[in-house]
**Student:** 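The following block contains the structure, expressed as structure tokens.
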Amino acid sequence: MSLVSMRQVLDEAAKGGYGVGAFNVNNMEQIQSIMEAARETKSPVIVQASRGARAYSQDRFLYHLMLAATEIYPEIPTVLHLDHGNSVETCKSAIDMGFTSVMMDGSLMPDGKTPSSFEYNVDATRRVVEMAHEKGITVEGEIGCLGGIEDGHGAGLDGLAHLTDPDQAVEFVEKTGLDALAIAIGTSHGAYKFTSKPTGATLKMDVLIKIHQRLPNVHLVMHGSSSVPNDLQDIINQYGGKLKPTWGVPVEEIQLGIRNGVRKINVDTDNRLAITGAIRKVFAEKPEEFDPRSYMKPAREAMKKVVALRMTQFGQAGHAGDYAPISLAEMAKHYAAQPVLV
Ligand SMILES: [Zn+2]
């Protein structure tokens with residue numbers, strides 16, 4: 001079994017009316033957590049690495065860990081996706097390494113901070129689409145800007161500063177021919193998404209629904225979509241952590257998104273919280289321990305639990321065996337026959 005096309009996984013999710021979590025990884029334990037959760041819940045899965053993750057891990061390590069995942073979990077359709085590629089060159093390096101999907105985030109300039117022009121975004125995304133589709137690789141683009149900064153990426157703005165304009169989204173999809181569209185609806189990267197439980201004024205599900213009505217066949221992507229539940233925050237604070245009160249995106253809002261075209265949901269913070277809480281607990285309760293396995297194992301288990309829960313909530317659970325993977329060469333033929341798939 002090899003890594004599969006994200007386009008196929010999202011097309012199947014659209015047919016089945018469910019969403020697929022895209023979970024960020026930096027190391028072996030996180031990959032194992034996700035794959036175990038996928039096996040337990042029989043879920044197709046998207047594993048994603050940001051530029052920060054590629055630098056931290058030396059990405060060849062991550063890539064080979066993912067190949068190991070396909071050998072150990074052959075029944076799970078598994079995508080390896082580049083999260084927030086900042087330039088055509090970054091996307092090319094991921095494609096050359098063997099990623100089966102890339103995000104070209106042309107909503108920001110290559111510095112990953114400065115909001116770009118629409119024309120720049122169309123041009124950069126279109127170039128990545130041409131390069132990627134030739135090899136059967138999927139492309140996600142972004143229109144509008146997410147809030148916050150994560151791994152040095154982001155304009156550091158409020159999540160409401162650059163919401164996606166539905167008309168511009170239509171033009172963007174038509175001009176780029178991408179496979180999946182990340183939209184800005186008020187969410188932010190990182191743990192501090194909202195200062196109180198989000199309302200219709202801060203989390204703009206109405207914008208998402210408008211975009212879906214205009215682009216009913218386009219796979220929408222929700223970024224910054226950790227739910228940041230209280231129980232995960234509490235474990236950290238109970239064992240010496242100092243998280244400030246914060247709110248994420250409620251699961252029921254994500255489920256509303258899934259009923260309105262959302263097929264990929266990015267989750268990172270919840271897993272980071274689960275890992276850190278589990279490690280803090282061991283450190284507090286068993287200060288005599290010094291074998292890293294004594295805290296990495298509970299950390300892995302805690303992340304697995306969160307991922308399995310999200311897989312069930314997003315609806316991808318039970319769908320791993322629904323379809324046979326299409327090879328990337330076959331995907332390339334589909335793209336060649338129909339360059340713009342929307
Ligand atoms: Zn993101």
Side-chain angles (χ1 to χ4, degrees), residues 6 10 19-26 30 34 45-56 79-87 90-91 94 99 101-116 121 124-125 128 138-164 169 172 178-194 198 203-204 207-208 211 219-228 246 248-249 253-254 257 262-273 307 310 314:
M6 187 165 85
L10 299 184
V20 181
F23 304 100
N24 288 76
V25 296
N26 300 275
Q30 289 175 307
I34 296 166
V45 71
I46 301 165
V47 177
Q48 59 185 14
S50 65
R51 276 189 297 143
R54 292 176 72 190
Y56 170 82
V79 176
L80 177 58
H81 173 76
L82 170 71
D83 193 18
H84 290 288
N86 65 316
S87 66
T90 301
C91 293
F99 283 58
S101 178
V102 294
M103 175 182 191
M104 174 63 226
D105 180 0
S107 72
L108 300 175
M109 297 302 287
D111 67 4
K113 292 180 174 63
T114 315
S116 68
N121 195 356
T125 307
V128 172
T138 311
V139 179
E140 174 183 340
E142 176 169 324
I143 183 91
C145 294
L146 271 278
I149 301 178
E150 196 64 22
D151 280 352
H153 181 100
L157 300 164
D158 183 87
L160 297 170
H162 289 270
L163 292 176
T164 303
F172 186 66
L178 49 64
D179 301 285
L181 181 68
I183 54 172
I185 53 168
T187 64
S188 294
H189 292 122
Y192 300 100
K193 300 182 191 301
F194 300 103
L203 178 60
K204 308 289 285 178
V207 173
L208 184 150
I211 295 168
H219 305 313
L220 301 179
V221 183
M222 281 176 77
H223 280 240
S225 290
S226 276
S227 301
V228 200
T246 177
V249 182
E253 300 291 346
I254 296 171
V262 170
R263 299 293 159 233
K264 174 172 180 274
I265 305 103
N266 289 9
V267 175
D268 188 3
T269 295
D270 286 350
N271 294 326
R272 294 177 176 202
L273 294 172
V307 172
R310 294 289 175 270
F314 298 162

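Note that ligands are numbered from 1 as they come in the structure, with each ligand's atoms numbered from 1 the same way.
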**Student:** Answer yes or no: are there more than 12 heavy-atom neighbours, outside Tyr56 itself, under 6.0 Å from its atom OH?
**Tutor:** no
**Student:** Distance to the ring centre below 6.0 angstrom and angle to the axis at most 45 degrees; does that hold for Arg310 and Phe23?
**Tutor:** no
**Student:** Just how far is it from atom CG of Leu82 to atom CZ of Arg54, taken to the nearest 0.5 Å?
**Tutor:** 5.5 Å
**Student:** I'd like to check the side-chain contact (heavy atoms from CB on, under 4.5 Å) partners of Val207; sequence neighbours left out, ordered by chain and number.
**Tutor:**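 Once residues adjacent in sequence are excluded, the partners of Val207 under the side-chain contact (heavy atoms from CB on, under 4.5 Å) criterion are Ile185, Lys204, Ile211.
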**Student:** Any idea which heavy atoms bring Phe99 and Ala49 closest together, and the distance?
**Tutor:** CE2-CB, 4.2 Å
**Student:** When rounded to the nearest 0.5 angstrom, what is the spacing between CG in Asp179 and CE in Met103?
**Tutor:**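 Reported to 0.5 Å precision, the distance equals 13.0 Å.
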**Student:** Check for me: within less than 2.8 Å of the Zn ion (ligand 1), which protein N/O/S atoms show up?
**Tutor:**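 Hits for the Zn ion (ligand 1) below 2.8 Å: His84 NE2, His189 NE2, His223 ND1.
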